[in-house]
Amino acid sequence: MNRELQEKIQAWVDGELKASEAHRIATLTQSDPAALALAENLRGFRSLVRDNAPEHSIDASRDFYWSRIREGIHRAERATASPPPEKGHASIPSRVGGHWLAWLVPSALVATAAFFALRPGSVPTAETADPLPPVLVDHVVESPLAEVTTLTFYSSSDAMTVVWVGSAEVF
Amino acid sequence: MASPTDEQLVHASQGGDMAAFEELVARHRDKMFARAFRIVRQQDEAMDLSQEAWIKGWQRIAQFEGESSFATWMTRITINLCLDHLRRNQRYRVDPLPDYQDDNTGLDRLLPPVWTNPTERLERHELRQRIDAALAKLSDAHRTVLVLHEFEDLGYKEIAQTVGISIGTVMSRLFYARRRLAILLAGIQDEEKPS
Amino acid sequence: MTTRLFALALLTGLGFQSLFQPTPACAADPAKLPLQAQLIWGTDSSKPSDKTLKPIPPDLDKRLRRVFKWQNYFEVTQTNFVVGPTQPTHVDMSRECRIEVAQQPSGEVEIQLFGKGRLVVKKRQRILPGEIVVIAGDDKDYNAWFVVLTQQKSRGGP
């Protein structure tokens with residue numbers, strides 16, 4: 001019996017095969033004693049391990065264990081100066097300067113108004129609109145991953161666009 | 001008065017009630033620690049990672065919408081942190097396959113029979129210790145797949161996505177891990193048999 | 001309060017004006033866009049465990065510090081590359097992370113960030129001389145990673 005077939009039998013035991021392939025392996029186990037023996041052993045071994053999962057518990061007291069968590073939470077919040085993010089919103093980057101973010105939205109509104117006031121007659125159209133939006137640029141950021149959240153902002157004083165990517169495994 | 005449910009504590013935590021969150025930690029801390037320990041196999045690391053998971057849990061609790069149980073949601077955070085930890089410490093390497101990889105003796109010869117007796121508490125306790133000791137001898141890569149499948153009940157596809165490997169690799173690592181674990185268990189048995 | 005708002009509006013407004021200045025790099029050679037990509041690690045640790053890391057240039061350090069709150073920033077890698085008018089350019093930032101940058105007909109560039117082989121985020125915008133684009137996220141142990149894109153200084157700028 002080759003490795004590929006052994007792994008197929010394993011997948012069948014684990015309920016991971018599509019119906020047609022599961023039927024093929026089921027038929028095989030009826031005619032091939034080695035295949036049947038492997039399937040039965042895998043089933044038995046799986047039960048053996050699952051029913052005897054090693055148990056581990058924490059030696060530290062409730063207070064001691066919690067104190068380090070609380071400390072970590074406070075440390076992160078001191079950096080952010082904000083409560084846990086509101087439901088449905090992208091999480092605020094924990095170490096982005098709180099004072100800076102606090103000014104972002106008002107500055108965006110005022111600056112946008114000032115921008116158009118300084119350039120009379122330059123109302124954007126499909127052809128003349130500048131492709132770089134003035135401050136908030138969320139609509140040009142995409143991620144195909146459901147778990148990824150993004151927060152995008154632009155600081156003209158720092159000439160910097162920031163895309164903060166949350167919940168992403170990059171490294 | 002009945003103690004609050006997890007759902008009630010989660011709701012209170014989402015409103016910023018840290019005492020409610022502390023109660024959730026107290027209820028589930030051993031489970032999260034055990035999950036971390038099964039993957040990283042180091043007491044101190046598991047402790048740190050489980051605490052880090054709780055910190056992240058608090059930071060993200062507003063995003064928890066109850067599509068799974070709170071414990072399941074926290075488990076996912078814990079597992080992801082542990083896998084990140086292994087990757088960062090370059091522990092996520094796969095053992096070179098042993099010589100018997102391609103033999104045709106069949107796994108059946110290497111898998112021990114089901115020899116647990118659930119009515120014997122001591123025997124079961126001992127068996128758990130043996131399984132634990134054998135798990136510790138697997139490579140991080142093989143143990144992770146086995147733990148996610150057997151103890152966290154994740155399917156092949158979910159393991160592949162969580163670990164970042166193909167389904168074929170999941171199958172291969174799981175098969176190898178089971179066989180290796182069986183050999184280790186059998187070896188422990190043999191060593192303790194009277195001659 | 002009003003004074004601060006107006007001051008900020010003025011600063012921001014001035015920033016907008018730069019969008020309409022000609023771009024020396026593009027004016028000189030509109031077909032190719034020379035960029036620099038840096039992978040930076042933000043941490044509160046004073047010394048990196050990896051000795052190959054080096055401090056980032058002071059001007060970038062200053063800019064990052066105005067927005068982010070990590071105590072130290074170290075450069076992991078720095079790559080200069082050129083983006084042609086038609087084909088995207090791939091740049092490996094690390095073993096797990098790479099970017100793909102492509103010019104768009106609109107004058108923007110499309111930046112795609114891949115982590116562990118998966119597309120994590122895609123961003124389109126102009127990168128003018130002196131401007132920086134930072135794609136960043138949390139790392140373990142309260143650290144952070146930053147992918148910083150700028151036009152190469154040799155091509156001119158403010």
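In the text below, chain A, chain B and the rest are named by the order of the sequence lines, each starting its count at 1.
- In this structure, chain A has no heavy atom under 4.5 Å from any part of B:I167.
- Within 6.0 Å of CD on A:E4 lie no more than 12 heavy atoms contributed by other residues, nucleotides or ligands.
- A salt bridge is absent between A:E7 and B:R173; no separation between the charged side-chain nitrogens and carboxylate oxygens falls under 4.0 Å.
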task = Step by step, work out the side-chain contact (heavy atoms from CB on, under 4.5 Å) result for A:I73 and B:W54.
result = CA-CA 9 Å; A:I73 289 170; B:W54 286 112; over 6 Å; no

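- Between chain B and the options A:I9, A:I69, A:I58, the largest number of non-hydrogen pairs under 4.5 Å is found for A:I58.
- For B:E22 and A:R70, the salt-bridge test fails: no basic side-chain N is under 4.0 Å from an acidic carboxylate O.
- Proximity to chain B at a heavy-atom threshold of 4.5 Å picks out A:Q10, A:A11, A:D14, A:E16 from residues 10-28 of chain A, in numerical order.
- The shortest side-chain heavy-atom distance between A:L48 and B:L127 falls under the 4.5 Å cut-off.
- Using a 4.5 Å cut-off on side-chain heavy atoms (C-beta onward), A:H74 and B:M18 make contact.
- Of all non-hydrogen atoms in B:F151 and A:V49, the two that sit nearest each other are CE2-O, 3.4 Å.
- Under the 4.5 Å side-chain criterion, counting only non-hydrogen atoms from C-beta, B:H125 is not in contact with A:E55.
- Contacts between B:E52 and chain A at a heavy-atom distance below 4.5 Å are absent for every atom of the residue.
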query = Where do B:S172 and A:R3 land on the side-chain contact (heavy atoms from CB on, under 4.5 Å) test, with the steps shown first?
reply = CA-CA 9 Å; B:S172 167; A:R3 182 67 175 259; 4.2 Å; yes

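- Residues B:S50 and A:Y65 come closest through the heavy atom pair OG-OH, 2.7 Å.
- Contact check for B:D153 versus A:R50: side-chain heavy atoms found under the 4.5 Å cut-off.
- Rounding to the nearest 0.5 angstrom, the gap separating the CD atom in B:E150 from the CG atom in A:D51 is 10.5 Å.
- Contact of A:S67 with chain B is not made at all, since no heavy-atom distance falls under 4.5 Å.
- Looking at every heavy atom in both residues, B:M47 comes nearest to A:A60 through CE-CB, 3.5 Å.
- A:D59 approaches B:Q43 most closely through the heavy-atom pair OD2-NE2, 4.1 Å.
- Annotation: the span from B:R29 atom CZ to A:R62 atom CZ amounts to 8.5 Å, rounded to 0.5 Å.
- Within the model, atoms CG of B:L181 and CZ of A:F45 stand 4.0 Å from one another, a figure rounded to the nearest 0.5 Å.
- The nearest pair of heavy atoms linking A:R68 to B:I55 is O-CD1, 4.4 Å.
- Each of B:R35, B:M171, B:R128 has some count of heavy-atom pairs under 4.5 Å with chain A, and the biggest count is that of B:R128.
- The closest side-chain donor-acceptor pair between B:D30 and A:H56, if any, does not fall under 3.5 angstrom.
- Distance alone, capped at 3.5 Å, is enough to place a donor-acceptor pair between the B:R38 side chain and the A:P54 backbone.
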